Colleague: 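This is the structure I have questions about; it appears just below.
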Amino acid sequence: MRTIEESTQNLIRSIQDTEEYQRYQKLQKIVEADPELRGKLNAFRRRVYQAQTSEETLDYFSEQSRLGADATELRKNELVDEYLKTELHICRTIQKIAFELADAIDLDLDEVLE
């Protein structure tokens with residue numbers, strides 16, 4: 001297990017050392033310095049998260065339409081646009097790593113997941 005823990009720490013450092021993550025950290029500090037902008041951005045991010053994870057029956061078309069309109073408005077601010085793009089890139093990188101790990105480790109879950 002020690003090797004796994006060391007590899008995990010190396011992977012974390014590798015992600016943190018990327019240009020994209022460094023840029024995200026800088027953008028995050030700028031956003032945090034503006035409480036109003038931070039509040040708007042976090043409210044939007046919270047709504048996106050809730051729409052993606054909610055088990056309630058939602059009118060997905062209407063919610064996606066509202067989120068799209070809000071995103072368009074928020075992204076008029078170049079800082080917000082760059083922040084969201086950078087955040088998405090990092091999230092997709094982490095997601096790709098998780099999918100590759102899950103694919104490579106055979107836990108025989110096919111029947112369980114059906």
Side-chain angles (χ1 to χ4, degrees):
M1 281 300 197
R2 183 178 174 106
T3 302
I4 293 172
E5 291 168 3
E6 289 173 0
S7 295
T8 300
Q9 290 305 311
N10 287 334
L11 178 58
I12 290 168
R13 279 191 295 280
S14 294
I15 292 169
Q16 291 173 335
D17 288 344
T18 64
E19 191 175 311
E20 199 76 15
Y21 184 77
Q22 296 296 318
R23 181 69 186 144
Y24 176 75
Q25 291 295 297
K26 289 177 185 173
L27 292 167
Q28 190 171 32
K29 287 179 183 173
I30 295 168
V31 168
E32 287 175 356
D34 184 340
E36 183 180 345
L37 179 61
R38 181 178 180 213
K40 288 179 185 178
L41 184 57
N42 283 338
F44 172 74
R45 291 165 69 221
R46 189 175 302 110
R47 286 183 43 227
V48 169
Y49 176 78
Q50 289 170 342
Q52 292 173 343
T53 60
S54 177
E55 293 183 15
E56 296 177 27
T57 303
L58 298 172
D59 180 353
Y60 288 106
F61 180 76
S62 295
E63 184 61 16
Q64 288 298 327
S65 180
R66 282 191 295 273
L67 286 171
D70 290 348
T72 299
E73 188 62 32
L74 271 172
R75 286 179 179 268
K76 288 179 182 177
N77 179 323
E78 290 179 18
L79 171 65
V80 170
D81 185 52
E82 187 174 357
Y83 179 87
L84 290 173
K85 284 179 184 176
T86 306
E87 179 182 59
L88 180 61
H89 178 79
I90 293 167
C91 288
R92 286 191 174 155
T93 298
I94 294 167
Q95 185 180 48
K96 182 178 183 264
I97 292 166
F99 286 148
E100 287 183 26
L101 281 171
D103 270 354
I105 308 299
D106 183 13
L107 293 178
D108 192 28
L109 296 175
D110 292 340
E111 292 177 21
V112 175
L113 298 174
E114 288 179 355

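Not measured: the values here are computed from a predicted model. Computed over heavy atoms, backbone and side chain alike; hydrogens, waters and symmetry mates excluded.
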Colleague: If the condition is side-chain hydrogen bond (donor to acceptor under 3.5 Å, both in side chains), which residues does Arg2 pass it with, not counting sequence neighbours?
Modeller: Glu6
Colleague: State which residues pass side-chain contact (heavy atoms from CB on, under 4.5 Å) with Ile105; sequence neighbours excluded, sorted by chain then number.
Modeller: Leu107
Colleague: Roughly how far apart are Leu11 CG and Ile97 CD1, rounded to 0.5 Å?
Modeller: 4.5 Å
Colleague: Looking at side-chain heavy atoms only, is the closest gap between Thr18 and Thr93 below 4.5 Å?
Modeller: no
Colleague: Would the number of heavy atoms belonging to other residues, nucleotides or ligands and lying under 6.0 Å from CD of Glu19 be above 12?
Modeller: no
Colleague: Return a table of donor-acceptor pairs under 3.5 angstrom between the side chains of residues 76-83 and protein atoms on other chains or two or more places apart.
Modeller:
| residue | atom | partner | partner atom | Å |
| --- | --- | --- | --- | --- |
| Lys76 | NZ | Glu73 | OE1 | 3.2 |
| Asn77 | OD1 | Leu79 | N | 2.8 |
| Asn77 | OD1 | Val80 | N | 3.3 |
| Asp81 | OD1 | Arg75 | NH1 | 2.7 |
| Asp81 | OD2 | Lys85 | NZ | 3.1 |
| Glu82 | OE1 | Arg23 | NH2 | 3.1 |
| Glu82 | OE2 | Arg23 | NE | 2.6 |
| Glu82 | OE2 | Arg23 | NH2 | 3.1 |
| Tyr83 | OH | Tyr24 | OH | 3.1 |

Colleague: Is it the case that atom CG in Asp17 sees more than 12 heavy atoms from other parts of the structure closer than 6.0 Å?
Modeller: yes
Colleague: Can you tell me how far apart CD1 (Ile90) and CD1 (Ile15) are? Round to the nearest 0.5 Å.
Modeller: 9.0 Å
Colleague: Sequence neighbours left out, what passes salt bridge (Lys or Arg N to Asp or Glu O under 4.0 Å) with Glu32? Give chain and number order.
Modeller: none
Colleague: Listed by chain and number, what are the side-chain contact (heavy atoms from CB on, under 4.5 Å) partners of Gln52, not counting sequence neighbours?
Modeller: Val48
Colleague: Side chains of Leu84 and Leu41: closer than 4.5 Å at any heavy-atom pair?
Modeller: yes
Colleague: In chain order, what residues pass the side-chain hydrogen bond (donor to acceptor under 3.5 Å, both in side chains) check against Asn10, with sequence neighbours excluded?
Modeller: Arg13
Colleague: What residues, two or more places apart in sequence or in another chain, satisfy side-chain contact (heavy atoms from CB on, under 4.5 Å) together with Ile4?
Modeller: Met1, Thr8
Colleague: Tell me every residue that passes side-chain hydrogen bond (donor to acceptor under 3.5 Å, both in side chains) with Glu87, counting only those two or more places apart in sequence or in another chain.
Modeller: Arg45
Colleague: With Arg38, which residues qualify under salt bridge (Lys or Arg N to Asp or Glu O under 4.0 Å), at least two apart?
Modeller: none
Colleague: Quick one: CG on Asn42 to OH on Tyr49, what's the gap to the nearest 0.5 Å?
Modeller: 14.0 Å
Colleague: Tell me, please, which residues at least two apart from Lys96 pass salt bridge (Lys or Arg N to Asp or Glu O under 4.0 Å).
Modeller: Glu100
Colleague: Looking at CD of Gln22 and CG of Leu27, how far apart are the two atoms once the value is rounded to the nearest 0.5 Å?
Modeller: 11.5 Å
Colleague: Kindly write out the residues that satisfy side-chain contact (heavy atoms from CB on, under 4.5 Å) with Arg66, not counting sequence neighbours, or none if the list is empty.
Modeller: Arg47, Ser62, Glu63
